[in-house]
Amino acid sequence: MLPDQLDVKVTSQPLHGSGVLRFVRECPPYRWAAGLCSVFGIQSRSLTVAVPYLWLLAFFLAPFLIVFKLSFSEILIAMPPYAPLYEMAEDGYLQITLHLENYSLLFQDDLYWKSYVSSLEIAIVSTMLTLMVGFPIAYGMARAPRPWRLPLMMMVILPFWTSFLIRVYAWIGILKPEGFLNMFLTWLGVIDEPLIILHTNIAVYIGIVYSYLPFMILPLYANLEKMDISLLEAAADLGCTPFKAFWKITFPLAMPGIIAGCFLVFIPAVGEFVIPDLLGGSSTLMIGKTLWAEFFNNRDWPLSSAVAVVLLLLLVVPIVWFQRLQAKREAQLN
Amino acid sequence: MAEASSQARKVWAPWNEPGAKPFVRIEGVTKKFGSFVAVDNISLDIYEREFYSLLGPSGCGKTTLLRMLAGFEMPSTGRIIIDGEDMSTVPPHKRPVNMMFQSYALFPHMTVEQNIAFGLKQDHLPKADIAERVERMINLVQLNKFAKRKPEQLSGGQKQRVALARSLAKKPKILLLDEPLGALDKKLREETQFELMNIQEKLGVTFIIVTHDQEEAMTVSSRIAVMNHGCVEQVATPSEIYEYPNSRLVAQFIGDVNIMESRIAEVLPDRARLNVVGIDAPVQTGRSVNAAPGEIAWVAIRPEKMVVSLTPPADTSVNCLSGVVWDIGYLGKLSVFHVRLEDKSIVTVAQTNRKRETERTITWEDKVYVTWSPDAAVVLLA
Ligand SMILES: Nc1ncnc2c1ncn2[C@@H]1O[C@H](COP(=O)(O)OP(=O)(O)OP(=O)(O)O)[C@@H](O)[C@H]1O
Ligand SMILES: [Mg+2]
């Protein structure tokens with residue numbers, strides 16, 4: 001059963017009346033801008049609505065357009081290492097050259113689509129693993145006595161205070177054949193030979209689950225915490241065992257949190273570079289790694305831009321489709 | 001038929017039969033939250049097919065008591081026995097009890113139908129039976145038009161009816177209702193009260209109902225337990241509670257009452273004499289009192305059992321107060337007179353509005369006499 005509403009629309013919704021906006025509204029630059037706009041007959045209200053869109057425009061759409069433009073360019077041994085897209089021809093015409101080879105190469109060389117597929121696979125598996133690890137933690141936090149909840153939340157966020165790179169690096173020390181994990185297991189007598197985990201996909205899964213766990217826990221916690229406990233009592237009262245009540249009540253009601261958490265983990269995991277690079281092996285194929293190699297090793301900016309554009313489409317198209325479906329379902333209900 | 005059943009109801013009083021076995025037995029139950037005692041050593045016997053009301057001020061522990069019956073809270077001490085079975089180790093989903101929650105606790109992701117069907121599905125009934133029962137319930141609470149809606153699309157009263165239907169659907173042996181009619185308007189409330197009594201008669205369910213509303217308790221109950229600060233003050237039928245409250249608290253909680261602090265003057269086998277403190281007015285009662293002369297007691301008289309008149313009665317020496325009309329409230333059928341006595345205390349008298357030709361109507365500032373019969377006065381020792 002799917003819930004009515006999903007919280008995945010986060011970025012596309014203007015944040016009416018939120019604390020951030022109120023803060024923005026009181027900032028002098030905003031007030032001056034609003035004053036200026038009102039001179040031209042634009043209301044301060046529409047300006048408020050425009051702020052998030054301006055933000056998106058400046059920091060998402062503009063870079064994307066640059067990358068998009070780059071992807072139609074041609075590699076050059078120069079600085080910058082690509083040919084300009086348009087030139088003023090001698091006879092006064094503007095000459096635009098779109099190179100589609102970058103895209104056709106993506107389909108010809110199986111390295112690329114294999115990287116995409118493998119990335120999606122790794123991201124899906126690790127998102128599911130993160131959900132399985134994160135859900136009980138979020139559930140435990142949401143049901144903990146109230147005074148404990150803030151400290152628990154702090155503990156979830158605490159790792160963010162150290163560099164991501166260093167934390168992933170630390171896993172090498174844990175997972176390598178003579179690392180802590182193997183030492184511990186040998187000491188316990190569980191294994192005789194060290195386990196080979198580092199430089200395999202398992203290490204990548206561990207790294208992704210570890211790194212993105214807070215992104216799963218926080219939306220889940222926010223969702224589970226506001227759930228009314230008396231619903232579970234009502235279910236029990238009507239003859240439902242606690243286990244069944246979990247699947248019939250808690251789980252469907254947590255669905256918006258689950259979906260939000262999964263998106264927050266899945267999307268960055270698909271394009272992840274640091275974790276497969278440090279923990280994965282030579283056989284670990286991920287699009288982030290491929291892109292990095294194209295960009296830095298081969299200095300092929302246009303091709304790596306094409307890789308990035310396709311990756312974005314691969315992510316955005318299903319999400320938009322999913323939202324459409326959701327909206328349709330909602331419309332049907334009413 | 002209706003006549004016969006109402007007749008049957010009047011004499012039906014298993015709590016007075018020595019051999020009758022209670023259906024629900026609450027034995028010395030105490031519930032503490034930390035050091036706070038929410039329910040304090042309560043013992044109650046509730047019989048099958050009773051309509052048992054828990055009445056009392058907010059925070060007196062009514063919901064807590066119901067939650068212990070449903071199994072959501074465990075008594076700190078004491079036992080709860082339902083149908084001969086000790087409930088101490090029985091989890092909520094195995095108890096023969098359904099509860100209607102004060103907050104309704106409707107499942108927000110399910111439609112009205114699905115909410116009502118939820119309990120039936122847990123029993124693995126055939127689909128057709130479930131559908132039929134759900135439809136009956138929806139008809140009963142008149143929610144046909146809303147069957148496919150989600151709870152958030154319903155009004156407060158509609159939600160309440162869904163909650164009621166959901167708790168009734170499983171035909172439990174005991175139905176716990178926590179303020180079931182609080183959000184309904186007067187008309188719907190009366191209809192639903194009537195419907196509840198009907199359901200109770202048809203299905204033979206034992207109802208335990210929490211209410212704030214004393215009038216509701218008076219209308220529907222077989223017996224009422226008045227609670228205060230976690231204790232039970234009195235358990236009796238509505239009329240007993242009204243006529244013979246056992247404490248000032250009960251008397252004040254149910255209906256209006258005049259309470260006068262008095263000193264006992266004389267105790268005889270069939271009556272007692274008291275003097276109202278402050279105005280030294282002698283009172284005679286129609287029953288004896290279990291106290292010694294010289295002790296302080298309180299005389300309680302319902303406003304409608306007093307008579308106010310402009311002319312002094314034949315005997316002004318006993319059961320007679322004199323004062324000045326302080327205020328008059330006109331309530332249609334009734335007029336309520338607030339009479340100020342010598343010691344500035346106020347006595348309230350309710351009198352039906354009949355036009356008496358011989359007398360002029362009583363108005364503000366009139367000197368009046370307030371009288372009552374010895375049977376009207378109840379002596380309270382607490
Ligand atoms: N879980 C709890 N922890 C601590 N105190 C509680 C808890 N539940 C109830 N109480 C306290 O116990 C007392 C009785 O509560 P209860 O809910 O039974 O009152 P009530 O009679 O149902 O009141 P109302 O008529 O307002 O619903 C209250 O003072 C309340 O604050
Ligand atoms: Mg309550």
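Here is how names work: the chains are called A, B, and so on, in the same order as the sequence lines, proteins then strands, and each is numbered from 1.
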May I have the list of side-chain donor-acceptor pairs in residues 142-153 of chain A shorter than 3.5 Å, sequence neighbours left out?
unit_1, atom_1, unit_2, atom_2, d
Arg149(A), NE, Ala144(A), O, 2.9
Arg149(A), NH1, Glu225(A), OE2, 3.1
Arg149(A), NH2, Ala142(A), O, 3.3
Arg149(A), NH2, Ala144(A), O, 3.2

note = Honestly, the part of Leu106(B) sitting under 4.5 Å from a heavy atom of chain A is backbone
query = Side chain, backbone, both or neither: which part of Ala235(A) has an atom under 4.5 Å from a heavy atom of chain B?
reply = both
message = Looking only at the side chains, is there a donor atom on one of Asp178(B) and Thr63(B) sitting less than 3.5 Å from an acceptor on the other?
response = yes
inquiry  = Quick check on the interface: out of Met100(B), Arg67(B), Arg149(B), who has the most heavy-atom pairs with chain A under 4.5 Å?
reply    = Arg67(B)
Inter-residue atom distance Leu164(B).CG - Ile199(B).CD1, 0.5 Å rounding = 6.0 Å
ask   = Given a strict heavy-atom distance threshold of 4.5 Å, which part of Lys170(B) is in contact with chain A: side chain, backbone, both, or neither?
value = side chain
request  = Go through the atoms of Lys244(A) and report whether side chain, backbone, both or neither lie under 4.5 Å from a heavy atom of chain B.
outcome  = side chain
ask   = Between the main-chain N or O of Pro219(A) and the side-chain N or O of Asn223(A), is there a donor-acceptor pair closer than 3.5 Å?
value = no
task = Kindly indicate whether the side chain of Met286(A), heavy atoms from C-beta on, has any atom under 4.5 Å from the side chain of Val204(A).
result = yes
message = Less than 4.5 Å to any heavy atom of chain A: does that hold for the side chain of Phe101(B), its backbone, both, or neither?
response = side chain
